[in-house]
Amino acid sequence: MVQRGRSSGHYHFYPRVIEPGSGADDLEWVEACGLGTVYSTTVVRTRPPAEPHNVVLVELDEGPRMMSRVEGIEPADVTIGMRVRARITSDDELHFIVFNPA
C-alpha cells in the first residue's frame, strides 16, 4: 500500500498526514503494483561470519523511491536499472519490504 493524493493523483512514500507541496489532507491508501526499478545500489561488506548484503534505492512504478535490499541474488549482481518485485518478509516480530529480481 502507498499513499496517493485524491485531488492531485500523486503518490507519496513515506506515509504523511498532508500532501507535500499542496498541503492537501485528502490522502488515501491505494494498492501499489509491487514493481520497481533499482535506482541506486551498494554492497555492504561486513566482518565474517556476517555475509555481505546490498542496500538499494528502488523507484516504485508509482513514482516514489524507497530504501530496501534485493534478495535472491548475490549482492554484487544487483545493478542500476534492474526490475524488481516487492514482497513482505519478517524477522522475529518485525515486518518489512524487500525486493526480488522481477
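Predicted, not measured: the structure shown is a model, and the values here were computed from it.
For S22 (side chain) and A24 (main-chain N/O), a donor-acceptor pair under 3.5 Å exists by modelled atom type. Judged purely by atom type and a 3.5 angstrom limit, E59 has no side-chain atom pairing as donor or acceptor with the backbone of G36. Looking only at distances, a side-chain donor or acceptor of N100 sits under 3.5 Å from a matching main-chain atom of E71. Under the 3.5 Å distance criterion, the side-chain polar atoms of E62 are matched with a main-chain donor or acceptor of C33.
Tested against E19 for a side-chain hydrogen bond (donor to acceptor under 3.5 Å, both in side chains), the candidates H12, Q3, R4, R6 yield a single pass: H12.
When side chains are defined from C-beta on, L27 does not count as touching I18, because their heavy atoms never get closer than 4.5 Å. T89 places none of its side-chain heavy atoms less than 4.5 Å from the side chain of H95.
One distance of note links OH of Y11 with CG of D61; it measures 10.5 Å at 0.5 Å rounding. Atom CD1 of I73 sits about 13.0 Å away from atom CZ of F99, to the nearest 0.5 Å. Atom CE in M1 sits 13.5 Å away from atom CZ in F13 (nearest 0.5 Å). Taking CE of M82 as the start and OG1 of T37 as the end, the distance is 11.0 Å to the nearest 0.5 Å.
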Is there a side chain to side chain contact (heavy atoms under 4.5 Å, CB included) between E28 and V30? Walk through the geometry before answering.
CA-CA 6 Å; E28 63 182 347; V30 295; 4.0 Å; yes
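Tracing side-chain contacts under 4.5 Å through hydrophobic residues (I, L, V, M, F, W, Y), one never reaches V70 starting from V55; they form parts of separate clusters.
Looking at R16 and D25, no side-chain N of the basic residue comes within less than 4.0 Å of a carboxylate O on the acidic one, giving no salt bridge.
Side-chain atoms of N54 and T41 form no donor-acceptor pair, as typed in the model, at a separation below 3.5 Å.
The two residues A32 and V2 come nearest to each other via the heavy atoms CB-CG1, 4.1 Å.
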